[in-house]
Amino acid sequence: MAPVRTRFAPSPTGYLHVGGARTALFNWLYARHTGGKFILRIEDTDAARSTDQSVQAIFEALKWLDIDWDEGPFYQSQRLDIYNAHIDRLVAAGHAYHCTCTPEQIEAMREKARATGAKPRYDGTCREKKLGPSSDAVVRFKSPTMGSTLIEDVVKGHIVFSNDELDDFVLRRTDGMPTYNFAAVVDDVSMDINTIIRGDDHIMNTPKQILLYHALEAPLPIFAHVPMVLGNDRTRMSKRHGATSVTAYRDMGLLPEAFINFLARLGWSHGDQEFFTRAELIEKFSLQRVGKSAGIFDPVKLNALNADHIQAATPEHLAGHLKPFLEARGWHSDDEAFLHGAIATLQPRSKTLLEMALQAHFYFSEEITLDEQAAQKFLTQNVLEPLRYLREQLAALPAFGEKDLETVFVQLMEKFSLKLGKIAQPVRVALTGTTVSPGIFEIMTVLGKERVLARLDKAIGYIVAR
RNA sequence: GGUCCCAUCGUCUAGCGGUUCAGGACACCGGCCUCUCACGCCGGUAACAGGGGUUCAAAUCCCCUUGGGAUCACCA
């Protein structure tokens with residue numbers, strides 16, 4: 001068996017979207033799983049719509065997902081000589097011909113066909129004219145008029161197309177650029193791509209491509225058409241479904257490992273398992289386990305999976321991904337231990353890194369602001385003495401671990417006959433400014449004695465002043 | 001409209017003829033835990049689109065209907 005060679009071949013006409021990312025992921029996973037090669041190719045033969053900005057956006061997204069490639073990136077726009085050489089071969093062999101019909105004439109043909117209820121298609125006017133190349137001629141493929149073409153798809157099974165459905169499609173445009181079907185096949189052949197994994201919206205192109213493989217006398221690759229990713233309205237994912245750019249999910253606070261886990265599980269399964277590390281995905285991925293039906297992209301489930309990955313990650317790992325969100329709020333910390341401690345307390349209560357950053361406000365804001373409602377309700381006269389006592393006891397503490405703190409609180413509760421519930425909320429408000437936060441002992445441990453005392457002083461001052 | 005693909009809980013899916021009055025996950029609804037919010041734990045509601053076959057036996061195989069999707073360019 002020749003080693004597996006897969007490729008991802010996006011057209012740079014916009015950012016990398018969810019469907020494209022999944023196609024890239026499946027190709028990459030399959031190559032990594034089999035120990036094969038994964039090739040990146042940029043299909044920029046549409047000069048009008050391709051932009052370098054889009055190319056950069058695609059690179060950026062793949063980099064975030066940590067999908068790396070072994071060869072490329074190749075640019076089709078730089079391979080015109082190769083396509084032209086193949087065009088010459090095809091014309092010489094009688095598989096293709098020059099055609100000077102104008103777009104207007106073609107449109108007229110289609111109109112006429114539609115009027116008679118026939119299929120709108122090129123009528124073969126130039127098919128036998130043996131025209132030579134010229135600046136106003138396209139090159140068309142001479143499609144067989146009889147017979148049928150069979151696709152043996154790894155995920156969809158056998159699909160048969162009658163060849164009379166096909167017309168003589170264009171291989172090279174008047175501007176000298178190859179069309180998609182032709183360039184893709186020439187590249188896949190010349191790059192030895194033996195496994196083509198792509199969205200099933202390409203199924204209709206496949207018979208044309210198979211015919212081209214035959215004309216080029218090239219061995220057929222394995223085809224695997226994976227089902228589409230749909231939006232919640234059951235149509236193909238597009239801009240109107242909200243965030244569909246991969247990097248938008250990064251900016252919403254998703255972890256790349258959670259995102260690829262989610263993408264992989266959309267259409268592929270391994271028993272009942274939901275959570276996969278990157279290594280597990282590579283180990284377990286297989287084309288046989290890819291389903292046939294389209295799936296709806298569910299952002300709620302994505303977030304839930306992300307929460308699982310956040311919980312499973314180490315604070316050290318999360319720190320790198322979280323920092324941009326902190327910095328966006330003007331928060332910095334050179335104290336790694338402090339940062340990691342803070343993250344650890346937030347892990348079980350954050351579905352996204354954005355949520356985590358938002359909840360981390362009291363760790364990184366130098367001066368916390370007391371929420372007025374919270375302060376009104378919990379920083380009252382009757383907790384003034386307990387808080388003063390607490391402040392003194394804490395100040396005298398030689399160590400500031402959770403156990404030490406608990407001991408102080410037990411004493412406090414006994415001395416003032418208070419339940420923990422009665423004193424915890426005031427302390428929470430004093431330390432964080434709000435009524436919602438991680439456990440107060442964890443917070444205090446992370447914050448450290450100095451900050452805790454300062455915040456208690458501030459709260460005491462607030463009570464005295466009211 | 002032609003062609004092609006698809007069809008299990010709201011969603012993602014397990015199920016590859018019998019051990020399933022269909023299992024898991026997310027979401028939802030109860031309860032427990034508890035210093036708040038979460039996490040966690042326990043429990044619950046919820047699906048084989050419909051109709052014909054084949055078979056001793058069908059969610060699983062075949063056909064039809066219905067529904068959804070994709071595609072019909074000198075875009076990719």
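Numbers restart at 1 for each chain; the letters A, B, ... are given by sequence-line order, proteins then strands.
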CD of A/Glu165 versus C1' of B/rC5: gap in Å, rounded? 15 Å
I want to verify a distance call: between B/rU11, B/rA38, B/rC5, whose nearest atom is closest to the A/Ile296 side chain? B/rU11
For B/rU19, give its Watson-Crick or G-U wobble partner with both distances under 3.5 Å, or none. none
Both distances under 3.5 Å, Watson-Crick or G-U wobble: report the partner of B/rC33, or none. none
Short side-chain N/O contact from A/Arg289 to OP1 or OP2 of B/rG15, under 4.0 Å: yes
Do the side-chain N or O atoms of A/Lys301 get closer than 4.0 angstrom to the phosphate oxygens (OP1, OP2) of B/rC12? no
Under-4.0 Å side-chain N/O to phosphate OP1/OP2 contact, A/Thr45 with B/rA76: yes
Give a yes/no answer on whether the side chain of A/Arg110 brings an N or O atom under 4.0 Å of OP1 or OP2 in B/rC74. yes
Check whether any side-chain N or O of A/Thr179 sits under 4.0 Å from OP1 or OP2 of B/rC74, and answer yes or no. no
Does A/Arg236 put a side-chain nitrogen or oxygen below 4.0 Å from OP1 or OP2 of B/rU71? yes
As its Watson-Crick or G-U partner within any shown strand, both distances under 3.5 Å, B/rC72 has B/rG1
Could you check which nucleotide pairs with B/rA38 in any of the strands shown, counting Watson-Crick or G-U wobble with both distances under 3.5 Å? none
Quick one: sort the A/Tyr180 and A/His202 rings into parallel, tilted or perpendicular, breaks at 30° and 60°. tilted
